[in-house]
Structures are given as structure tokens and as C-alpha cells.
Novice: 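Before anything else, here's the structure in question.
The sequence lines fix the lettering, A, B, ..., with proteins before strands; numbering per chain opens at 1.
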Amino acid sequence: MTDKTATTSMDKLESLCKRRGFIFQSSEIYGGLSGFWDYGPLGCELKRNIRDAWWDDIVRRRSDVVGLDCSIIMHPRTWEASGHTTSFVDPMVDCRTCKKRYKADSLTDEQGAKLVFTEGALRLPEGVKCPACGSRDLTEPRAFNLMFKTFVGPLEDESAAVYLRPETAQGIFAQFPNVLSVSRQKVPFGIAQIGKAFRNEINPRNYTFRSREFEQMELEFFIKPGTDQQWHDYWVQSRLDWYRTIGLPEDALGKYVYDKGELAHYASACVDITYAFPFGAQELEGIAARGSFDLTRHQEFSGKSMEYFDQESNQKFIPHVVEPSAGVDRIALAVLCEAYCEEYAPKAGMDSPAIPCLPGTEPPDGYEQRTLMRFSPRVAPIKVAVFPLLKNKPDLVAKAREIYDELKIHWSCFLDEVGAIGRRYRRQDEIGTPCAVTVDFDTLDDNAVTLRDRDTMKQERIGVSELKDKLRSILDVS
RNA sequence: GCGAGCGUAGCUCAGUGGUAGAGCUCCACCUUGCCAAGGUGGCUGUCGAGGGUUCGAGUCCCUUCGCUCGCUCCA
């Protein structure tokens, strides 16, 4: 999807994210670094809320899942067992004529030829053509290693070469026997992990969507062989339901069900959960039924048993696994896209609701444009803003501070004393703060404040003694 | 990685080889009586970076980095 409204809305979102402190380009003062991003004060709160929502629902509120936090660098044999060392180093061939790029082995396979290995390098056999334009002017195969390589210890010796993990999952598989022995869990049960992963993407695109450093939330759910289908169905539905709790509605989400032919040979099912980004429907999470592939491979490569003894059936087996694997940054981007909203809000004195803002139109008389982020309370970086109606009245400011000090124990709050009240409301709208509490002159007499709703701009007067319960009913919904 | 386009203030963008600008934002003060009100004042730039041509470069040339689009890649 490349229509104009889609690209402009991404531009506007990126601009807002920078202006308000959600997302910055990494190393910006040095010219930036492609595929790397930093999260500013609001962005890191948003990401933290997403991680917390996942961890609460996947680990803390379940009795059959435990957590784990593995190192980013693991023994290099890990990646031989997982298959990443080979599949991440696909030699590629470019056509010099039409500039298309191919995997060298699939190119030769299609044309009934074989890659030649001489003098330590792969070479194309004679007669291979570009399938698109027929040219024989092709580059020699060149390796594109998608794993970041580094060295343990001071010597850059190949024997000390290690990789930054390209996924968090392998740490879970490698620690499966330890976790099993300490957690008193029985199959079926899961091990969850949130952490950074690194892939040297050839071409990062679409803002933060495809980054070279990113954060994963992965659950490996270990099950009895033969129960794969039922658990896969369960997790697909469970994960779809979860996205609603962070403000991604069902109609913006999609399911991509892999054909048998698209699946890895060991997998029995895979479903992607997609979100309708302005640049197209793209994957947020993949839920794969991977059989016993991973544990079996680690058993082979390490020589350590990955078997589980099931007392009920008195049988030993290597558990199968269902893997819901989600990208934190992609979910954060989806949440930002979904929340972004422009509308025409009534000006002061008008008592009418806001109207939708259509591209290419101007606001009608009595209305002005308002930009807001309609974050669900669960992920909103700031939950409550507290304002004294006027700054130059010390009693109001003192009372507002008192309320702020009380509320900030429970929620992420922001106290703003500066400028006109309308401007302060709009500033909070733009960063998606669901609730605003304003202290006015009546407050000093009746100990009540106005509570203003971000989406409707409606206000309600409420006693300070009931404020916390009221906010709890609005904010602590999940 | 290839091709094309772009890079000027926090943001959006003007700028014809001759003194770097506008709007918005932001900050301070005045004024404030619930939705970006008004007034006064103020901050902000190695014009992405490096080199070259020129008396003189934001402007022309080369290199490089980054961004966008297309191709490519995407467990």
C-alpha cells in the first residue's frame, strides 16, 4: 500500500513521535545509524507498558508459565543446533543487468545446476541465467550473514567468534532441563522471555518496523506429542484476544495461516497475527507449532538429554512446543499507528461534539484541528495529568501538587502549571493521556475537582476523596 | 546491495553563486476564571558530514552518512 494518505500519516506519526519524545533515531548527532532506534521518555513508558501487559498475562496471571532471562551471547554451537548458522548465511547472487537478487542455491536448483565449491569459495556453474531478464551477467555468490558476529576475549580469532542472538527462543530451549528441574512444572507448561535480539537486516524499512536491534516477547509452551493442534489453536485465539487489551481492535488485526508448503519441514502449523499498518498488513507475532525439532537438535548437538518423564503415562518423550513469538517494537508501532487521530474539535464556547477530520478538508467555522493519541489506558505512557487552573494563584498550585503527589504513587502522572488551560489539555491529548484533573477556585471550598476525558473532552466534577476510586475504574481495566 | 529522489531551527518548510529566513513549538514575564486566546521579550542552526571549484558555496562538483520510494531480502 503506497497511497498518499498512508504515507502522509506515517510522516505525521514519525514527526509527532520525535517532537513529543516517543522515538528518536539512534546516534542522531552522528548522522544516525540505519535500523537502530531509541525510545524517548514517553516511548520507553509505552514499551514498558506493553512488556508489562504481556508479562502479567503470560507469566504472572498463569500458574503454568514461568519466566527466564538469558544472556544475549550464547555458545556458538547453539546456532549450529538451531540452524541459524547455515540458514542465515545464504549466498546471494545479483543480476548486473536487471539488478534483481537471488539466493544462489535456489537459482541453481531451479535451473538443474549445482553450485561449485573451489578455492574456498562458492562459484556459479556455467550457463546459469537470470530468471527475470535472461542475462548471464551475474555476480559470484556472496554471503550475507544476518547474524551479528563479535569475539569473546581480546583476540579477534575465529575460535573466539560468537553471535548476538537472532532470537530469544534458543536460550529457552537450551535451559529447558534446568528450568524443568527447578520450577516443579509438569508438561504442559511454558517458559517465557522478553529480551533484545539482533538481525543484520539487508534493508531496514518502514520506520521501526524492521530494525536490526529489536525486542522479542517469546513463549515456548511445551506439550505432550499429539496435542500440538489443540494447543496451537488455543494460543492463536488467546493471543488474538490479548491485543484487544492493549487497544488494537479486532478489525485492525488479521491472521495469516501458512500453507503446508510454506511451513518449515518440522513445523505442523504456523499463524501470523498481522496489523493493518498504513504501509500494509504486517506481522506482529507468529505462533508456530514446532514439534520436537528444537529440543531434539539441542539434544543431538549437546549430548544432553532433553527428555521429559511423564508420570501419568509412565513414558519418556521429548516435549513438542508451541511458540507464540511477538515483537515489542512492532506492537509499539502498531499501538502508535492505531492511537494517532486527527479531528475537528469545537472551539471555546461551542457545545458540540468533535467531528472527523477528512483529508483535504478545512475545519468548519467554530472548529479547529485537534491531534490526539487514543491510547488504551493500559499502554498510555502517562495516565493522569494534574493542572491548577491558573498558575499565579498559589493556593491552586499547592492543592494541585498535593493531588499530584498522592496520585503519582499509583499511576504515571504529569503536573503542568504552565500556560493556558486549553493548551495544557491539548498537549496531553497529543501524548495520549486519558485523564486530566483540574483544580479550580471551587476546589478550595468544596474539595472537588474536574475530571476531563481525553476522547470526548467531557468534564465531570468529582470529590477529591472519590478521585482514586474513579480513576481506578477508568485506568485499571485489564 | 542496486536505481531514483531528498537532507536548512525542536517540528513543517521557503531560500535564483553574494549578510541564513518564515510559521508553529519551546522558555520567561504580563494577562488569565475550563479546551492550542492575547501582549512583550527570548533561545535555537557547524544549512547531514568531509573534500573540491570559486574572490565568494545552503546553492555547483566529488566522496560519505542518513532518510524516502522501487528492486532485493525478510525463520
Novice: Is NZ or CZ of R239(A) both nearer than 6.0 Å to the six-membered ring centre of W242(A) and within 45° of the ring axis?
Specialist: yes
Novice: Give the nucleotide from the list C35(B), C34(B), A37(B) with an atom nearest to the side chain of A420(A).
Specialist: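 Taking heavy atoms from C-beta onward, the closest nucleotide is A37(B).
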Novice: Rounded off to whole Å, could you give me the CD-to-C1' distance for the E14(A) and C69(B) pair?
Specialist: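 My rounded result for the distance is 13 Å.
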Novice: Quick one: is R461(A) getting a side-chain N or O under 4.0 Å of the C34(B) phosphate, OP1 or OP2?
Specialist: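 The answer is no; no side-chain N or O of R461(A) sits under 4.0 Å from OP1 or OP2.
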Novice: Pick the closest RNA chain B nucleotide for R330(A) and for L33(A) by heavy atoms, then say which residue is nearer the 5' end.
Specialist: L33(A)
Novice: Is any N or O donor-acceptor pair between the side chain of T450(A) and the base of C34(B) shorter than 3.5 Å?
Specialist: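 Side chain to base: pair found, below 3.5 Å.
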Novice: Taking protein heavy atoms under 4.0 Å as touching, what does nucleotides 43-48 of chain B look like 5' to 3' if B marks base contact, S marks sugar-phosphate-only contact and - marks none?
Specialist: ------
Novice: Please determine whether a side-chain nitrogen or oxygen atom of S34(A) lies at a distance below 4.0 Å from atom OP1 or OP2 of C67(B).
Specialist: yes
Novice: Taking the P atom in each of G39(B) and U25(B), what is the distance between them to the nearest angstrom?
Specialist: 12 Å
Novice: Mark yes or no: R290(A) above the aromatic ring of Y266(A), with NZ or CZ under 6.0 Å from the six-membered ring centre and no more than 45 degrees from the axis.
Specialist: no
Novice: To the nearest Å, give me how far apart CZ (R424(A)) and P (C27(B)) are.
Specialist: 12 Å
Novice: To the nearest Å, give me how far apart NZ (K391(A)) and P (C27(B)) are.
Specialist: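 Distance check: K391(A) NZ to C27(B) P gives 9 Å.
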Novice: Using a 4.0 Å heavy-atom cut-off, does D440(A) contact any base of the nucleic acid, only the sugar-phosphate backbone, or nothing at all?
Specialist: base
Novice: Send over the distance from K18(A) NZ to U12(B) C1', rounded to a whole Å.
Specialist: 12 Å
Novice: Which sits closer to the 5' end of RNA chain B, D453(A) or N392(A), going by the nucleotide each is nearest to?
Specialist: N392(A)
Novice: With sequence neighbours excluded, give me every ring pair (Phe, Tyr, Trp, His ring centres under 6.0 Å) pair touching residues 385-407 of chain A.
Specialist: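 Qualifying pairs, neighbours excluded: F387(A)-Y425(A).
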Novice: Ignoring hydrogens and angles, answer whether the base of C35(B) and the side-chain atoms of R452(A) contain a donor-acceptor pair closer than 3.5 Å.
Specialist: yes
Novice: In whole angstrom, what separates R426(A)'s CZ from A36(B)'s P?
Specialist: 5 Å
Novice: Please classify the nucleic acid contact of F209(A) as base, sugar-phosphate, or nothing, using heavy-atom distances under 4.0 Å.
Specialist: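 It contacts nothing in the nucleic acid.
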Novice: Check the distance between G5(B)'s P and D11(A)'s CG and give it to me in whole angstrom.
Specialist: 19 Å
Novice: Take the protein atom CZ of F387(A) and the nucleotide atom C1' of U32(B), then report the distance between them rounded to whole Å.
Specialist: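 My rounded result for the distance is 16 Å.
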Novice: For the pair made of CD in E368(A) and P in C34(B), what is the distance, rounded to whole Å?
Specialist: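 Nearest whole value for this atom pair: 15 Å.
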Novice: Should R423(A) be listed as having a side-chain N or O under 4.0 Å from OP1 or OP2 of A37(B)?
Specialist: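 Looking at the OP1 and OP2 atoms of A37(B), one of them is under 4.0 Å from a side-chain N or O of R423(A).
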Novice: Of the nucleotides C34(B), G33(B), U32(B), which one has an atom closest to the side chain of L390(A)?
Specialist: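 Of the candidates, U32(B) comes closest.
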Novice: Considering only the P atoms, how many Å lie between G45(B) and A20(B), rounded to the nearest integer?
Specialist: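 Approximately 14 Å lies between the P atom of G45(B) and that of A20(B).
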